Peer 1: 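Starting off with a structure, shown below.
The shown structure was predicted, so the numbers you read here are calculated from the model rather than taken from an experiment.
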Amino acid sequence: MPAPSGRGRAVVRGRRPARGRRAGLVLAAPGGRAQPGRAGRGAPSRRDRERPAETQLRRAEATTRIAVEALDRVFGRFTSGRGAGSGGALAGSDLGLPAQPILSEDTARLLEELLPLYSSLSGQGESADPALRRKADQALVQVGRIRSRLGQHEAARQAYQEAALRWASAEAATPDEVEARAIALAGALDGLGQTLQSLGDAEAAQATYEEALGHLRAASSKRASVELLREQGATMLLALESRGPRSDALPVDGPEHGREDQSAWQARSDLLDAAFADLETARDRDPDDPDTKFLLARVHRERAGLFAAARREGGREEMAAAEGLLDELVRDHPTALEYRYELARTLCRVPHHRVPEDERRRLEDQLERAVDILEDLSAENPREVGLAADLAHALHLYAGFLADGDRPGAEGMHRRAVGVQSYLLERMPDSLPTALWLSVYREQFGEYLLHGGKRDDAERQIEANLEMLERLAAKDPELVHPYLDRAREAKERLPPRRR
């Protein structure tokens, strides 16, 4: 990914390989010609002085370093450093639907081809050379990332666990080595935590993030570098995500919400305050660091959600701070997909109810800008189908916001959302989650049309939805039948045609 640089992961370089001469050519003999297979007179060559084992070690170290860096460049062309930029975060599980695929089939095939290469490199983890072992351990983390991207979560879990065990046992004598090991170990544990979330084990994910934070805090207690502080903030944000719904979906006001909701709100607030403190310290030390700004923007956005959930003042200022930081990053790094994507995610955070009339126009402009960003990103990155899924979801959100305010343009946004999602289903006809999201968009579009008196248009959406769901019911009856039942009820609610 162009920027930021992979969440501050340490890259420990091996020793520079010996230049050496090609095999069979030695110092020139009298007459100026190199004599194959014969040593020239004078001092022995460097190759002659080195032991064979050391020469082989140098070659192995150099080969592994070059191979890992080359593979990382290829991997970076098809993935983003933190995952969010891959899309799919908007069209997540807020509605209780399974996550949609975030990779096109050709990207998935390429990543499958990278797997055995990284796996082979990770097998160097038993080497006697520390630098070679570190490169091998980095390759193992990449195996986990690829497995996770491909949806192979159990295999990803195993790779991350092994990488974490390797980094935990790595020797670290100097302060630089202690810091590098803590950051690398936290990176493996963060990947493991995200994988455990995908496997549905939120409790284990939270424990994993706490373990990562423990290693980071132990290292930062000796030397609180910008990299360690930033890593702590990133891990706390992941821990926040493992605690259930997003911050603005967590109601805490009113008599119907008890102590459990208050406790969940306070736990989120404490995490965000701690992350904010670490990241503000890091920014004071390095004001221009883009990774720190990026993470601070996410903290501001989540705090805005918390304030909105508790009906507290200050939410608008927090959201403005998040947008300001992301606008600055997009301006300074216009080619970085992730910053533009995160800006679109932030712009999509709008309330749908009890919006004052003087605020509605501003929020409409905000949603329109989010749609424009996602439309551009989707067109520029056709392999990242998660971006198209998020575009459809942003269009759907925009349509609902316009409809709630009786604004013009809602029908067009609904139609575009259905169109984009239909295109995704054509690209991935076997993706059940993609089909179920299309069902949701069609169902709500049909309701909108029916409410507006367009009975025949509504019937077309309802009939198309019903036909699709009846086909899908054979694949996974338990998952599909609730949507199929709703589609049948929608058809029954259709008024008779006028004669």
Side-chain angles (χ1 to χ4, degrees), residues 87-109 148-154 197-202 244-245 249 385-397 399-400 403 411 413-452 454-497:
L90 277 175
S93 56
D94 284 356
L95 301 178
L97 282 163
Q100 299 187 65
I102 61 173
L103 296 176
S104 63
E105 291 181 1
D106 57 341
T107 301
R109 281 194 298 270
S148 180
R149 295 270 293 171
L150 292 170
Q152 300 168 4
H153 299 303
E154 184 56 39
Q197 284 178 247
S198 299
L199 289 168
D201 196 344
V385 295
L387 291 170
D390 280 342
L391 171 60
H393 198 62
L395 289 163
H396 176 71
L397 291 173
E411 180 177 341
M413 292 299 117
H414 271 302
R415 199 173 297 280
R416 287 177 65 189
V418 169
V420 172
Q421 195 69 19
S422 298
Y423 162 74
L424 281 174
L425 189 58
E426 289 175 7
R427 290 186 65 180
M428 300 177 292
D430 296 327
S431 171
L432 186 57
T434 302
L436 292 179
W437 276 98
L438 176 57
S439 171
V440 170
Y441 299 159
R442 279 176 170 164
E443 177 185 326
Q444 296 190 18
F445 186 25
E447 290 178 1
Y448 173 82
L449 291 168
L450 193 60
H451 181 74
K454 297 185 176 181
R455 189 249 178 229
D456 291 347
D457 286 345
E459 183 178 27
R460 280 191 285 273
Q461 293 296 326
I462 292 168
E463 288 286 359
N465 195 30
L466 188 58
E467 180 183 348
M468 179 186 70
L469 291 169
E470 286 173 342
R471 290 197 312 269
L472 293 173
K475 292 185 176 181
D476 192 334
E478 185 177 355
L479 183 61
V480 173
H481 267 296
Y483 303 93
L484 181 57
D485 290 342
R486 289 212 305 266
R488 287 169 174 162
E489 291 171 3
K491 185 175 181 180
E492 291 173 1
R493 289 196 301 271
L494 279 171
R497 282 194 177 92

Peer 1: Got a second to check how far Lys454's NZ is from Gln461's CD, nearest 0.5 Å?
Peer 2: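 Going from NZ on Lys454 over to CD on Gln461, the span is 12.0 Å.
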Peer 1: Under the 3.5 angstrom rule, does the side chain of Gln421 hit a backbone N or O of Thr434 as a donor-acceptor pair?
Peer 2: yes
Peer 1: Distance check, rounded to the nearest 0.5 Å: Arg455 atom CZ versus Leu494 atom CG?
Peer 2: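 Nearest 0.5 Å value for the CZ-CG distance: 5.0 Å.
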Peer 1: With the side chain counted from C-beta on, respond yes when Met413 and Leu397 share a heavy-atom pair under 4.5 Å apart, and no when they do not.
Peer 2: no
Peer 1: Please work out whether the ring planes of Tyr448 and His414 are parallel, tilted or perpendicular, with thresholds of 30° and 60°.
Peer 2: tilted
Peer 1: Quick check for you: to the nearest 0.5 Å, what is the distance between Tyr483 atom OH and Arg442 atom CZ?
Peer 2: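 If we round to the nearest 0.5 Å, Tyr483:OH and Arg442:CZ are 15.0 Å apart.
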Peer 1: Is there side-chain contact between Asp457 and Phe445, with heavy atoms separated by less than 4.5 Å?
Peer 2: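 Contact flag for Asp457/Phe445 side chains = no.
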Peer 1: Is any side-chain heavy atom of Leu484 closer than 4.5 Å to a side-chain heavy atom of His481?
Peer 2: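 With C-beta onward as the side chain, the pair touches.
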Peer 1: Quick one: does Asn465's side chain get under 4.5 Å of Leu438's, heavy atoms only?
Peer 2: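 No; the side chains remain at least 4.5 Å from each other.
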Peer 1: For a quick test of reading the model, state the closest non-hydrogen atom pair linking Leu450 to Ala458 and the distance between them.
Peer 2: N-CB, 3.7 Å
Peer 1: About how many Å separate OG of Ser148 and CD of Glu154, when rounded to the nearest 0.5 Å?
Peer 2: 12.0 Å
Peer 1: Taking the side chain as C-beta and beyond, is there a heavy-atom pair between Leu432 and Val480 under 4.5 Å?
Peer 2: yes
Peer 1: Between Glu492 and Arg488, is there a side-chain N and carboxylate O pair less than 4.0 Å apart?
Peer 2: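 Salt bridge: no.
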Peer 1: Can you tell me how the ring of Tyr441 sits relative to the ring of His393, calling it parallel under 30°, perpendicular over 60° and tilted otherwise?
Peer 2: tilted
